[in-house]
Student: 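Before I ask anything, let me first share the structure, which is written out below as structure tokens.
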Number of protein chains: 2
Amino acid sequence: MQAKIQDVQPICAVDYAFRRIGGKYKGRLLWYLHNHQVLRYGELRRSIVDITPKMLTQTLRELEEDGLIHREVYHEVPPKVEYRLTTVGQELVPFIEHLRDWGMQQMRKENIPMIGDTNCITND
Amino acid sequence: MQAKIQDVQPICAVDYAFRRIGGKYKGRLLWYLHNHQVLRYGELRRSIVDITPKMLTQTLRELEEDGLIHREVYHEVPPKVEYRLTTVGQELVPFIEHLRDWGMQQMRKENIPMIGDTNCITND
DNA sequence: CTGAATCCCCCAAGATACTG
DNA sequence: CAGTATCTTGGGGGATTCAG
């Protein structure tokens, strides 16, 4: 488990913000949730191609505890759980969007190959 | 040493961009360099209060190799080395700025204490 | 003053198997 | 379907010492 954001006193706001969206998968997770509005656990698992169930759950829990995403459980058989961005989470979208644009530009300029889609959009 | 950005094929642009500015100190380093235009090694060491010489050098080298900062060596006694953002590095400033604003707002709302300055500005 | 060189540790992340 | 439970590991990062 990553150290909770509340448990470590940040040096400054930049430090705080970077720690809050840091980690290997948080950026993509937020981005995919933004693109699809709402995604189920299995859909996220297929979107983040290189993630294991453990890391997916762990990252989702951290983002939830952190107030960036909302988790909705439907008590059905079979189970169904939906994830979506909270209002606070949505405030981060412009940032991720611009960062993605910058990343795309850099990759084009440097001719860097990638595994997935150019726009970071999944198909399902 | 962190795996070089060129050596790991990114999943998508978001993945790429996050990996390129990831790490514990890169964000603050870029931010401080933006605020002061140019900083010497020792000034950076005092700005990033929680960094060790090893991590400072390592992070600076990664950012340099990555084309985000420029390193200028003055062959004097005593030695003098200056760091500044490159053009590509400067393109990242708006995002860091936006992220910092978001972080400040969150910290104010949640009443989170911090160690350094609210604006992430150092004094020297 | 600006680093380099070691040694070491912790924990984020991976692999695998299992469950309500 | 949506997760847990263990075990393992790689390397990011820390502490300390030395150097030009």
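Residue numbering restarts at 1 for every chain, and letters A, B, ... go by the order of the sequence lines. What you see is a predicted model, and the numbers here were worked out from it, not measured in a lab.
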Student: Does any non-hydrogen side-chain atom of A/Gln106 lie less than 4.5 Å from one of B/Val88?
Tutor: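 Yes, their side chains come closer than 4.5 Å.
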Student: For the residue pair B/Lys26 and B/Ile69, establish whether any side-chain heavy-atom pair is separated by less than 4.5 Å.
Tutor: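 In short, these two side chains do not touch, never coming nearer than 4.5 Å.
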Student: What is the distance, rounded to the nearest whole Å, between atom CZ of A/Arg19 and atom C1' of C/dA12?
Tutor: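 Atom CZ in A/Arg19 sits about 15 Å away from atom C1' in C/dA12.
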Student: For residues 77-84 of chain B, which side-chain donor-acceptor pairs fall under 3.5 Å, sequence neighbours excluded?
Tutor:
{"from": "B/Glu82", "atom 1": "OE1", "to": "B/Tyr74", "atom 2": "OH", "distance (Å)": "3.0"}
{"from": "B/Tyr83", "atom 1": "OH", "to": "B/Arg71", "atom 2": "NE", "distance (Å)": "3.3"}

Student: Quick one: which residue pairs count as a ring-ring contact (aromatic ring centres under 6.0 Å, His included) with a foot in residues 4-33 of chain B, not counting sequence neighbours?
Tutor: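 Those involving residues 4-33 of chain B are B/Trp31-B/His34.
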Student: Take the protein atom CD1 of A/Ile51 and the nucleotide atom C1' of C/dT16, then report the distance between them rounded to whole Å.
Tutor: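 Answer to the nearest Å: 17 Å.
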Student: Could you tell me the separation between the CG atom of A/Leu29 and the P atom of C/dA13, rounded to a whole number of Å?
Tutor: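 Computing the A/Leu29:CG to C/dA13:P distance gives 12 Å.
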Student: Which ILVMFWY residues can you reach from A/Ile11 by hopping between side chains whose heavy atoms are under 4.5 Å apart?
Tutor: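 Via sub-4.5 Å side-chain contacts, A/Ile11 links to B/Val49, B/Ile115.
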Student: Contact between B/Ile21 and A/Leu99 at the side-chain level, heavy atoms closer than 4.5 Å - yes or no?
Tutor: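 Sidechains of A/Leu99 and B/Ile21: in contact.
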Student: So what does A/Tyr25 touch, heavy atoms closer than 4.0 Å: a base, only the sugar-phosphate, or nothing?
Tutor: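 A/Tyr25: backbone/sugar contact only, no base atoms under 4.0 Å.
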Student: Using five base pairs at each end, measure the axis-to-axis angle across the helix from C/dC1-D/dG20 to C/dG20-D/dC1 and round it to 10 degrees.
Tutor: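 About 60° separates the two local helix axes.
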Student: Given atom CE of A/Met55 and atom P of D/dT6, what is their separation to the nearest angstrom?
Tutor: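 Result: 18 Å.
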Student: Whole angstroms only, please: what is the NZ-C1' distance between A/Lys24 and C/dC11?
Tutor: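 Between C1' of C/dC11 and NZ of A/Lys24: 14 Å.
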Student: Find the distance A/Leu56:CG to C/dA12:C1' and express it as a whole number of Å.
Tutor: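 My rounded result for the distance is 15 Å.
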Student: Starting from P on D/dG3, measure out to CD on A/Glu76 and report it in whole angstrom.
Tutor: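 Spelled out: CD on A/Glu76 to P on D/dG3 is 13 Å.
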Student: So do B/Leu68 and B/Arg20 actually touch side chain to side chain, heavy atoms under 4.5 Å?
Tutor: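 Touching, per the 4.5 Å side-chain cut-off.
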Student: Which atoms of nucleotides 1-4 of chain C (N or O only) lie under 3.5 Å from a protein N or O atom, and what are those distances?
Tutor:
{"from": "C/dC1", "atom 1": "O3'", "to": "B/Arg40", "atom 2": "NH2", "distance (Å)": "3.2"}
{"from": "C/dT2", "atom 1": "OP1", "to": "B/Arg40", "atom 2": "NE", "distance (Å)": "3.2"}
{"from": "C/dT2", "atom 1": "OP1", "to": "B/Arg40", "atom 2": "NH2", "distance (Å)": "3.3"}
{"from": "C/dT2", "atom 1": "OP2", "to": "B/Gly42", "atom 2": "N", "distance (Å)": "3.0"}
{"from": "C/dG3", "atom 1": "OP1", "to": "B/Arg61", "atom 2": "NH2", "distance (Å)": "3.2"}
{"from": "C/dG3", "atom 1": "OP1", "to": "B/Arg71", "atom 2": "NH2", "distance (Å)": "2.4"}
{"from": "C/dG3", "atom 1": "OP2", "to": "B/Tyr83", "atom 2": "OH", "distance (Å)": "2.6"}
{"from": "C/dA4", "atom 1": "OP1", "to": "B/Arg61", "atom 2": "NH1", "distance (Å)": "2.9"}
{"from": "C/dA4", "atom 1": "OP2", "to": "B/Arg61", "atom 2": "NH1", "distance (Å)": "3.4"}

Student: So does B/Asp66 pair up with B/Arg61, basic N to acidic O under 4.0 Å?
Tutor: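 No, B/Asp66 and B/Arg61 are not salt-bridged.
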Student: Whole-Å distance between C/dA13 P and B/Phe18 CZ?
Tutor: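 Between P of C/dA13 and CZ of B/Phe18: 13 Å.
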Student: Give every residue pair that meets the side chain to side chain donor-acceptor pair (under 3.5 Å) criterion with at least one member in residues 91-101 of chain A, sequence neighbours excluded.
Tutor: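 Sorted result for residues 91-101 of chain A: A/Glu91-B/Trp102.
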